[in-house]
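Note that the coordinates shown come from a computational prediction; the quantities given were computed from them, not determined experimentally. For reference, positions follow the sequence shown, starting with 1.
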Amino acid sequence: SDNFALLTKVTANHSGKTFFLYDLEKKEKFEAKFTKKLEKELSKFLVVGDFLYYEKNTDLDIFEIVGRKKRNNKLARVKWDANRLSLWDKKEQIFAVNIDYGIIVASAVQPNFNPGMIERYLLLFEYHNIQPVLCITKNDLWLVDPEELQLFVDLWLEIFFITKNEDEELKAFKEFITNKTVVFVGNSWVGKTSLTNKIYWEQIWKEWNTSEKTGYWKHTTTSSTVYEWSGKSFVIDTPGIMNLNLFEATRENLKYLFSDFTELNNECKYKKCTHTREPDCAVVQAFEDDIIQPARFALYLNLYQKLWDK
């Protein structure tokens, strides 16, 4: 099939799953079901953000899903096998796919600026090959210490400062995420809800009104939802990623979460090298040879020390 659409929501009730699709080219929204031949192999593996091939079944007057496009990336909860630790010994629960930016929302104050929280979210997006962006709220109430920001500046992280009444800053941020698909993460009370409401509350209101009239959301369980707040600009609202319990980072598996360490992990003298103090460490050597960015190695050491202190 040449027809494909974005999966924006999945609902489930006693009669089964319903998939809500949005054809970006035709600007049409519709529900779809699976063809019987694909249901077992594909239905449980579809999540919001997927681009799906579909066809119109004229006999039944329904749209049917017939395939899925290759994903660019995914955001998932990862559980590692403690007995056989490697990149492959893990189980995943996928929340969303095809994400352009992961927006880390942190507050300057109330609660105080938390570099450790940002570091862990950076690790989360690093592992899933999602480009991170830092958005600092409540900047009108308190200015973040430049020294606390320096690591993130050195990582060449895109940083936005959002204040309560400065429309220009919000405008610049919205321009940055235009024509992109993004997810927001952050701790409680950092202003994440306030920020996302400014971007796509109008669309949520429309969806809610529609659901009240159609009854689509009654007696259903809903996971992630995609909102189009501007033409081909999407926010994936994913309740499951509102906390950091997405993967079990340990001192042992931390080195597997840094993509630039992947080819070096097996070149160290010691199989269980932690890349911190062992002799003949390939990662340390790469850092000293300027192959690994200093800020990247500093981030790794910061996280390793925090895991050690647990």
Side-chain angles (χ1 to χ4, degrees), residues 73-93 102 104-107 111-134 136 144-159 185-187 190 241 243-310:
N73 55 29
K74 59 190 175 186
L75 183 58
R77 185 189 307 278
V78 180
K79 290 189 176 182
W80 299 78
D81 185 334
N83 297 317
R84 297 183 61 222
L85 187 66
S86 78
L87 274 178
W88 315 114
D89 297 320
K90 63 184 187 300
K91 296 180 180 179
E92 295 181 327
Q93 176 191 355
I104 304 168
V105 184
S107 60
N112 292 336
F113 187 69
N114 186 347
M117 177 272 291
I118 298 170
E119 289 172 357
R120 289 196 64 195
Y121 277 124
L122 285 176
L123 182 59
L124 171 69
F125 290 137
E126 159 77 21
Y127 175 69
H128 290 297
N129 193 31
I130 298 169
Q131 184 173 339
V133 175
L134 178 57
I136 300 176
V144 176
D145 186 338
E147 289 187 7
E148 292 188 302
L149 273 178
Q150 194 57 51
L151 172 64
F152 310 118
V153 173
D154 292 343
L155 287 168
W156 303 326
L157 191 64
E158 195 79 39
I159 303 175
V185 298
N187 288 355
V190 294
I241 61 171
N243 59 66
L244 276 167
N245 298 318
L246 289 175
F247 58 84
E248 300 164 355
T250 66
R251 284 176 289 133
E252 289 76 19
N253 71 22
L254 183 63
K255 61 184 180 181
Y256 296 109
L257 303 179
F258 281 74
S259 58
D260 38 357
F261 292 10
T262 302
E263 294 182 2
L264 300 170
N265 282 323
N266 295 325
E267 296 182 14
C268 297
K269 180 178 180 180
Y270 299 101
K271 185 177 181 180
K272 294 185 178 181
C273 183
T274 64
H275 310 324
T276 58
R277 60 188 181 277
E278 297 86 350
D280 299 321
C281 171
V283 171
V284 172
Q285 188 62 52
F287 160 67
E288 293 175 350
D289 293 341
D290 295 325
I291 296 173
I292 291 178
Q293 185 187 357
R296 295 272 302 158
F297 192 56
L299 175 62
Y300 173 78
L301 293 178
N302 284 351
L303 288 164
Y304 186 89
Q305 185 60 47
K306 287 168 183 173
L307 290 168
W308 182 271
D309 292 339
K310 277 188 174 182

Distance check, rounded to the nearest 0.5 Å: Glu148 atom CD versus Asn114 atom CG? 9.0 Å
Just how far is it from atom CG of Asn265 to atom CZ of Phe258, taken to the nearest 0.5 Å? 11.0 Å
Return yes if some donor-acceptor pair links the side-chain N/O of Asn73 with the main-chain N/O of Ile130 below 3.5 Å, else return no. no
If I take atom NE2 from residue His128 and atom CG from residue Leu257, how far apart are they, to the nearest 0.5 angstrom? 9.0 Å
So, the side chain of Glu126 versus the backbone of Ser259: is there a donor-acceptor pair under 3.5 Å, distance only? yes
Begin with the C-alpha distance, continue with both residues' side-chain angles, and end with the deciding distance and a verdict on side chain to side chain contact (heavy atoms under 4.5 Å, CB included) for Leu123 and Leu254. CA-CA 9 Å; Leu123 182 59; Leu254 183 63; 3.5 Å; yes
Side chains of Ile118 and Phe113: does their closest heavy-atom pair fall under 4.5 Å? yes
Do any N or O atoms from the side chain of His275 and from the backbone of Cys281 form a donor-acceptor pair under 3.5 angstrom? no
What one should report as the nearest heavy-atom pair of Glu119 and Leu303 is CB-CD2, 4.0 Å
Mind checking whether Asn253 and Tyr127 have side chains closer than 4.5 Å, heavy atoms only? no
Does a side-chain heavy-atom distance below 4.5 Å link Lys255 with Val283? no
Would you say Lys269's side chain and Glu278's backbone share a donor-acceptor pair under 3.5 angstrom? no
Looking at side-chain heavy atoms only, is the closest gap between Leu151 and Asn302 below 4.5 Å? yes
In terms of ring plane angle, is the pair Phe261 and Phe297 parallel, tilted or perpendicular, where the classes change at 30° and 60°? tilted
Would you call Leu122 and Leu134 a side-chain contact if the rule is heavy atoms closer than 4.5 Å? no
Are any non-hydrogen side-chain atoms of Phe125 and Gln131 less than 4.5 angstrom apart? no
Using side chain to side chain contact (heavy atoms under 4.5 Å, CB included), reason through Phe287 and Leu301 one step at a time and then give a plain yes or no. CA-CA 12 Å; Phe287 160 67; Leu301 293 178; over 6 Å; no
Apply the side chain to side chain contact (heavy atoms under 4.5 Å, CB included) test between Ser107 and each candidate in Val190, Asn112, Ile136; give the one that qualifies. Val190
For the student: nearest non-hydrogen atoms of Tyr304 and Thr274, plus distance: OH-CG2, 3.3 Å
Donor-acceptor contact below 3.5 Å, side chain Gln293 vs main chain Asp154: yes
Give, for atom CD1 of Ile292 and atom CD of Gln285, the distance between the pair rounded to the nearest 0.5 Å. 10.5 Å
Between Asp289 (side chain) and Ile291 (backbone), is there a donor-acceptor pair under 3.5 Å? no
